There are 2 protein chains.
Amino acid sequence: MGQPKYRQIASELRGQIVSGTLREGDRLPTEPQLQDQYGVSRNTVRDATALLVNEGLVQRVPGRGGGMIVRRKVTLTFHAHRAEMPAQPTAETDAWRSEVVAQGYEASQEFTLTIRSLSPELAERLHVEPDSVAVLRRCVRYVNDQPSSLQDTYYPMDLAEEIRELLSPKDIPQGTTRLLAERGHQQTAYYDEYVSRMPTPEEANLLGLQPGTTILLHIRTGYTEQRPVRVSFNVFAGDRNQIVTTHGDVGVIARFRPEESPE
Amino acid sequence: MGQPKYRQIASELRGQIVSGTLREGDRLPTEPQLQDQYGVSRNTVRDATALLVNEGLVQRVPGRGGGMIVRRKVTLTFHAHRAEMPAQPTAETDAWRSEVVAQGYEASQEFTLTIRSLSPELAERLHVEPDSVAVLRRCVRYVNDQPSSLQDTYYPMDLAEEIRELLSPKDIPQGTTRLLAERGHQQTAYYDEYVSRMPTPEEANLLGLQPGTTILLHIRTGYTEQRPVRVSFNVFAGDRNQIVTTHGDVGVIARFRPEESPE
DNA sequence: CAGTGGTCTAGACCACGCG
DNA sequence: GCGTGGTCTAGACCACTGG
């Protein structure tokens, strides 16, 4: 009797999921069925299934014909190194979009632009005075019309005043990195941070996240030879994205991972 | 009345946490206090606080003198690029350990070694026959005697038979990457994957994870010029770790992030 | 001992959405 | 309509741990 009932029930159900007895998309027994099956009250059933929901294994669907179903996991791969390297010859219209279509999905995105004063932490990343303002370009990204990730990029205000296109609330065809390079602000170094955490309510809202879904956060600070020129916060829904990078001799990797050869 | 009570209560408490009214380590009101304060039943209070627990904001401490406290977040930075690059001249005894001590913490680790047959997925990563066996070297890593991350590294069996040290259940002083290089298996390419997800119960157990703690998973496949020679699964507790890499001209970055200069 | 959270019960009413 | 999960109540007993 070391384990409480709700954990035992959760373990049994979890076992059926990981062993494949229950497959992706399958329905679990309903709550009344589980009450009968284990002879417990409804709250205990819900405690048990709440564990599975928080583990991201199960999704609850209200309404008749609903129930609890085993979550599907479709993973989109994002190549952090391919997106924007110093001397990328290919004129990519948009790194993320081409990634998505190459993996056989449909891509769309929504831009918004705001001007806001920087938190001390952000000001330090951009190496500007605290409380100075910056341009925030937000891009919510949809894969097959489902929100998948969002990107917040901050540019120092003086840079935006020099390169006015940054102040336009529209997609920049050639990509902002390329635009900056054309105007003499070639990014030659990147500082990349990877973080895993639970979403804020705002993120859960924007990305339509189920409970039990994590966030994969990729923070990229871009530097010219003189100074940092931007910070990007890439917020990925953890259940539908992974990030990939490669180092060294890419040829060897392509030989063993054919899907990795940049087409 | 759009929002249910428990969400409203959670929002108020969350607001106090993110705004700084409640600071890290502070105690929330007790459950009876929250019942009185909001005029709701205990279960509703628990539904509210369960949200905060699952968001990783709050930790429950049983027993007299316990309560619910705002979680502390201490972040250890792991430099994925510094760990093991092809031509690293410095003879690091252990990349991870030196990272930890450089950040002012105490480091320790526990090794275990097992031989196991590979899942189809793993066999494909190592480019060996399905169901063939491999050496698994597991390393549980402690920072200030708290489990912080674990690393599972798989080597193909034929390689381990050539380099017998891989079969010893002990730390390899110069590091396995260096050892392999000395024996003619220099790794010249890396394939890195970053994933965020909830922990499995086994991981939660090994790492002593609180509910609401995520996993930051870094999978590194190492290649020689001939073939993949190892796969490492770095499992980081999301609340205490981040991964950093740099690309391009490191000198610029060091100028703006002094702490990043490899000492 | 006394007060904390941990588990569990037995009910109730509601919102949703497929048939 | 009616069965699904969503929310909420009012109780109960337990395990743990600081004073």
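As a basis for the values below, the full set of heavy atoms in this structure was taken, side chains included, without hydrogen atoms, waters or symmetry mates. Lettering of chains follows the sequences in order, A, B, ..., and the numbering in each one begins at 1. What you are looking at is a predicted structure, and each value in this text was computed from that prediction instead of being measured.
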(request) With DNA chain C as reference, determine whether A:Val40 or B:Glu31 sits nearer its 5' end, using the nearest nucleotide of each. (result)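 Result: B:Glu31.
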(message) I want to confirm an ordering. Mapping A:Gly65 and A:Asp47 to their closest nucleotides on DNA chain C, which one lands closer to the 5' end?
(response)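 In this pair, the answer is A:Asp47.
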(message) Testing the basics here: between A:Leu28 and A:Leu52, what is the closest heavy-atom pair and its distance to 0.1 Å?
(response) CD2-CD1, 4.3 Å
(message) For a quick test of reading the model, state the closest non-hydrogen atom pair linking B:Tyr154 to B:Leu118 and the distance between them.
(response)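 The answer is CD2-CD2, 3.9 Å.
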(message) Within 45 degrees of the ring normal and closer than 6.0 Å to the centroid, is that where the cationic atom of A:Arg220 sits relative to A:Tyr191?
(response) no
Could you tell me the separation between the [atom1] atom of [X] and the [atom2] atom of [N], rounded to a whole number of Å?
X	N	atom1	atom2	value
B:Arg42	C:dG3	CZ	P	15 Å
B:Asn43	C:dG5	CG	P	14 Å
B:Gln33	C:dG3	CD	C1'	11 Å
B:Arg64	C:dG3	CZ	C1'	5 Å

(request) Tell me, please, the opening and closing nucleotides of DNA chain D, 5' to 3', among those with an atom under 4.0 angstrom from a non-hydrogen atom of chain A. (result) D:dG1 to D:dT9
(request) Let me know, please, whether A:Gly63 or A:Arg46 comes out on the 5' side of the other along DNA chain D by nearest nucleotide. (result)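 Its nearest nucleotide lies further toward 5', so the answer is A:Gly63.
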(request) Inspect the surroundings of CD in B:Glu124 and state if more than 12 heavy atoms from other residues, nucleotides or ligands are less than 6.0 Å away. (result) no
(message) Surrounding CD of B:Gln146 (heavy atoms of other residues, nucleotides or ligands, distance under 6.0 Å), is the total greater than 12?
(response) no
(request) Could you tell me whether a side-chain N or O of A:Asp26 sits under 3.5 Å from a main-chain N or O of A:Leu22, the two making a donor and an acceptor? (result)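 No, A:Asp26 side chain to A:Leu22 backbone: no donor-acceptor pair under 3.5 Å.
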